[in-house]
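Structure first, then comments.
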Amino acid sequence: MLDFNTLAEFSRGNCISICAFLVPANLLVTILTMGLVALRRPSHQVWQSAAIASFFASVMIFHVYTWFLIGVVMAPTYILLWLAITCLVTNLAAILFQRRYSNNNNPSLSNGSIPNV
């Protein structure tokens with residue numbers, strides 16, 4: 001079983017390597033999610049990409065929270081928190097955008113007629 005204090009110490013002790021992985025991972029997977037929506041890929045691909053990006057963003061929020069717990073309030077902590085929240089909101093917006101516009105732009109022509117435009 002993982003102890004929260006041990007996990008927080010690990011997070012703070014390996015801050016450089018954790019941030020060196022999480023910052024590009026957050027950005028790349030969030031950009032991938034936006035690209036999948038722009039290319040009108042199937043919703044399961046968008047959801048999968050958004051889930052991975054949201055996981056990385058949540059880990060970054062937890063990482064920043066461990067610094068806030070010990071009283072470290074500096075610009076990098078706020079910048080990382082802003083980045084993680086922005087990635088979460090962007091992925092949520094991409095899912096909502098894809099759900100809203102995938103139904104409206106694909107009219108059903110099952111009766112063989114052309115819809116009035």
Side-chain angles (χ1 to χ4, degrees):
M1 183 174 202
L2 290 174
D3 180 28
F4 178 74
N5 291 329
T6 306
L7 198 55
E9 283 297 323
F10 175 80
S11 176
R12 289 189 298 266
N14 297 303
C15 182
I16 300 296
S17 57
I18 290 172
C19 289
F21 172 75
L22 285 177
V23 169
N26 267 319
L27 294 174
L28 290 174
V29 183
T30 299
I31 290 170
L32 175 65
T33 303
M34 292 187 306
L36 290 172
V37 170
L39 294 172
R40 299 179 189 270
R41 302 302 297 168
S43 61
H44 68 88
Q45 290 179 354
V46 174
W47 276 87
Q48 185 178 22
S49 177
I52 293 168
S54 297
F55 173 75
F56 287 149
S58 299
V59 170
M60 184 177 288
I61 289 172
F62 170 75
H63 175 66
V64 170
Y65 180 68
T66 63
W67 284 105
F68 284 149
L69 281 176
I70 63 169
V72 176
V73 180
M74 296 172 42
T77 52
Y78 287 112
I79 292 168
L80 291 174
L81 185 62
W82 172 81
L83 174 68
I85 291 171
T86 301
C87 287
L88 281 174
V89 169
T90 302
N91 283 293
L92 177 64
I95 289 172
L96 294 175
F97 182 86
Q98 190 252 354
R99 288 188 72 192
R100 179 174 181 168
Y101 290 106
S102 66
N103 295 335
N104 294 341
N105 293 333
N106 296 326
S108 175
L109 298 177
S110 60
N111 62 2
S113 65
I114 297 174
N116 294 332
V117 181

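Basis for what follows: all heavy atoms, side chains included, without hydrogens, waters or symmetry-related copies. Values in this document were obtained by computation on a predicted structure and should not be read as measured data.
- Clustering ILVMFWY residues whenever any of their side-chain heavy atoms sit less than 4.5 angstrom apart, transitively, puts Val72 in a cluster other than the one holding Tyr78.
- Applying the side-chain contact (heavy atoms from CB on, under 4.5 Å) test to Ser58 and every residue at least two apart in sequence or in another chain returns Leu88.
- A continuous path of hydrophobic side-chain contacts links Phe97 to Val46 [ILVMFWY only; heavy atoms under 4.5 Å].
- For Pro42, the side-chain contact (heavy atoms from CB on, under 4.5 Å) test picks out His44, Gln45, with sequence neighbours left out.
- Leu32 is not listed as a side-chain neighbour of Leu28, based on a closest heavy-atom distance of 4.5 Å or more.
- In this view, Arg12 and Ala8, Glu9, Thr66, Trp67, Ile70 satisfy the side-chain contact (heavy atoms from CB on, under 4.5 Å) rule, not counting sequence neighbours.
- Here the side chain of Thr77 pairs no donor or acceptor atom with the backbone of Val73 at under 3.5 angstrom.
- Note on Ile85: it does not cluster hydrophobically with Ile31, by side-chain heavy-atom contacts below 4.5 Å among ILVMFWY residues.
- Sequence neighbours left out, the pairs with a member in residues 20-30 that pass side-chain hydrogen bond (donor to acceptor under 3.5 Å, both in side chains) are Thr30-Asn91.
- Looking at every heavy atom in both residues, Arg41 comes nearest to Gln98 through O-NE2, 3.5 Å.
- Under the 4.5 Å side-chain heavy-atom criterion for ILVMFWY residues, no single connected hydrophobic cluster contains both Leu27 and Met34.
- Connectivity analysis of hydrophobic side chains (ILVMFWY, heavy atoms under 4.5 Å, direct or indirect) links Leu92 to Leu96.
- With rounding to the nearest 0.5 angstrom, the OG atom of Ser54 is 6.5 Å from the CD1 atom of Ile95.
- Atoms CE and SG, on Met60 and Cys87 in that order, are 7.5 Å from each other to the nearest 0.5 Å.
- Evaluation of the ring pair (Phe, Tyr, Trp, His ring centres under 6.0 Å) test over residues 2-38, restricted to residues two or more places apart or in two chains, returns Phe4-Phe62, Phe21-Phe56.
- Cys19 approaches His63 most closely through the heavy-atom pair SG-NE2, 3.5 Å.
- Hydrophobic clustering (ILVMFWY, side-chain heavy atoms < 4.5 Å, transitive): Ile61 and Ile18 are in one cluster.
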